[in-house]
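A short write-up of the structure that comes next.
Heavy-atom basis, side chains included; hydrogens, waters and symmetry copies ignored. Note on naming: letters A, B, ... go to the chains in the order of the sequence lines (proteins, then strands), and numbering restarts at 1 for each one.
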Amino acid sequence: MIGPSIIIKGEVSGEEDLHIQGRVEGTISLNGNQVSVGESGQVCADIQAKHVKIDGEVTGDVSASENVVISKSGNVRGNIVAPRVTLEDGANFKGSIDMDPSAAASGAAPLSSRQPANSPAPDIKTPALDLKSG
Amino acid sequence: MDKPAIQTSKLLPSLFEHIEEEQRLTVLHVGPALSETVDFFANYRCRLHFIDLFSELPILASEDTPSLHQQFEELLSIPAETKFDICLFWDVFNFLTGEAIQAFLAVLRPHLRPNTLAHAFSVHNVNAPQCNHLYGIRKIDAIRPGNRAMAVPGYAPHSQRQLKETLDCFRFERSVLLPDSRLELLLQARL
C-alpha cells in the first residue's frame, strides 16, 4: 500500500497487489497482480497489471490482461486496453477504450447476443414516424 | 427530475447489420462515456473513442482563440491511423454553428471510411425545445436517455435541410421523427 502522504516518482514493479492512496508519477508494472487506486490516489503514470480498479485519479494509459473497473468516483484521462472494461455510473473518463471479449478469461457475453446481459424490462417509448427510406 | 424513458431506436440496429463476428470495430462517440455504452460495446472487439465536446461548449472562433479547425484538431486528437466504422453524434450538432460543424468535419473526414455509418439526434423543427439529455446504448435497438446535471450552452439547432448541406461528408440514409420534434438520423459517409 502507498499511503496518502507518500509520493513516488519513477518505476514501480513487483509481484504483489498494490493499493495506492498517495501519488505516483512514472510507470507501474505489476503484470500478474491487481493495482487499485483509492479515492485519494493520484496516479500520473502508465499502468500495466492483471486487474486495475480505479476509485481516484489516473492520467496515463492503462493496460490490463483481465479487466479494468472505473468506479463512480474514478477520474481517468488516458487510453485503456483490456479484454473487459467496466465504467460505473458517475465515472469520469476521457480517452479511448480498447476491448476484446474473446480474450477475456471468463464471463464474456457471447458475441451473438449483441446486447448487454442483465437488461431489465425497459419502459419503451416507440418512435412516432419514419420519415424517409433511402 | 424524472428519469426519461428508454426509447426504442429504428435506426441504431442498422449500424451493426454488416458487422462480422470477428470484425474489430472502431467507434467514435461524441459525448461523455456512459456505463451502458461501454457495457454494450464490451460484446464486440472494438476500440471506443470518447470525445466529449459538450464539456467544451461553446466552441466559437474569435480573435482571442485559435481557429475553429485548430480547436477541433486539439479537441479530437485522433491518432493518424484511426478509421472509424461507426460514429455517434447524439445532439452535438444542435450546439455547434454551421462553421463549427464544417471545421469539425474537416478534422474528422480523414478518419472516415467510405462505408462509415453514423447515428445522430437532431431536430425536425428548429423551435424544438432544448433537450438536456445524455445517452447510453441500452441494447441494440434501445437507447436510455439520462438527464444532464446542467443545461449545455449554445443551443441553436439546424433544420434538416441546413444540416444536410453542412454535413457534406455524410449522406442522409434515413430519418425518424421522434417526440418533441426531434429526429433520429442514419448517415453514411460520402467521401
Side-chain angles (χ1 to χ4, degrees), chain A residues 54 61 63-64 66-72 74-104 107-134, chain B residues 3-11 13 16 19 21-22 24 26-28 32-52 55 77-79 82 124 136-142 144-146 160 171-179 182-184 186 188:
Chain A
I54 301 170
D61 294 341
S63 174
E66 292 208 353
N67 69 326
V68 174
V69 177
I70 306 175
S71 75
K72 62 184 179 183
N75 188 343
V76 179
R77 296 282 179 275
N79 303 311
I80 297 174
V81 179
R84 306 287 292 180
V85 177
T86 302
L87 198 67
E88 294 181 0
D89 276 342
N92 194 342
F93 172 75
K94 187 174 185 180
S96 69
I97 297 176
D98 201 323
M99 294 184 283
D100 184 352
S102 63
L111 192 63
S112 55
S113 71
R114 296 281 158 103
Q115 66 181 52
N118 307 320
S119 304
D123 176 12
I124 298 290
K125 184 189 286 185
T126 304
L129 177 65
D130 191 347
L131 292 178
K132 176 190 166 192
S133 294
Chain B
K3 203 170 183 177
I6 289 172
Q7 66 183 45
T8 54
S9 167
K10 282 188 175 181
L11 304 185
F16 303 94
I19 304 299
E21 185 110 342
E22 290 305 309
R24 184 173 181 76
T26 304
V27 179
L28 170 64
L34 293 189
S35 57
E36 285 168 318
T37 302
V38 175
D39 288 347
F40 174 81
F41 280 106
N43 295 307
Y44 296 86
R45 295 180 67 221
C46 67
R47 180 162 216 175
L48 301 174
H49 292 254
F50 290 100
I51 298 173
D52 186 9
S55 64
S77 295
I78 303 167
T82 300
H124 180 248
I137 301 183
R138 195 71 186 85
K139 54 182 186 171
I140 199 164
D141 61 353
R144 182 177 69 87
Q160 196 174 4
R171 182 172 63 242
F172 282 49
E173 292 288 321
R174 288 182 69 191
S175 54
V176 174
L177 183 59
L178 301 175
R182 298 178 64 249
L183 276 179
E184 179 185 10
L186 178 67
Q188 175 154 9

*Are L87(A) and E36(B) close enough that some pair of their side-chain heavy atoms sits under 4.5 Å apart?*
no

*Do the non-hydrogen side-chain atoms of F41(B) and M99(A) ever get within less than 4.5 Å of each other?*
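A side-chain contact under 4.5 Å exists here.
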
*With a 4.5 angstrom heavy-atom cut-off, could you sort out which part of N92(A) is near chain B: side chain, backbone, both or neither?*
neither

*asked:* Nearest 0.5 angstrom please: D100(A) CG to C46(B) SG, how far?
replied: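 Here the rounded value is 9.0 Å.
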
*How many angstroms lie between CD1 in I51(B) and OG in S96(A), if you round to the nearest 0.5 Å?*
9.5 Å

*Take N79(A) and R47(B), measure what side-chain contact (heavy atoms from CB on, under 4.5 Å) needs, and give me the verdict at the end.*
CA-CA 10 Å; N79(A) 303 311; R47(B) 180 162 216 175; 4.2 Å; yes

*Could you walk me through whether S35(B) and E88(A) pass the side-chain contact (heavy atoms from CB on, under 4.5 Å) test, one step at a time?*
CA-CA 5 Å; S35(B) 57; E88(A) 294 181 0; 5.9 Å; no

*Between A33(B) and F93(A), which heavy-atom pair has the shortest distance, and what is it?*
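Closest approach of A33(B) to F93(A): CB-CD2, 4.0 Å.
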
*Nearest heavy atoms of V85(A) and V38(B), plus distance in Å*: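 In terms of heavy atoms, the two residues are closest at O-CG1, 3.5 Å.
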
*By a 4.5 Å heavy-atom criterion (distance strictly below it), what part of R24(B) contacts chain A: side chain, backbone, both, or neither?*
side chain

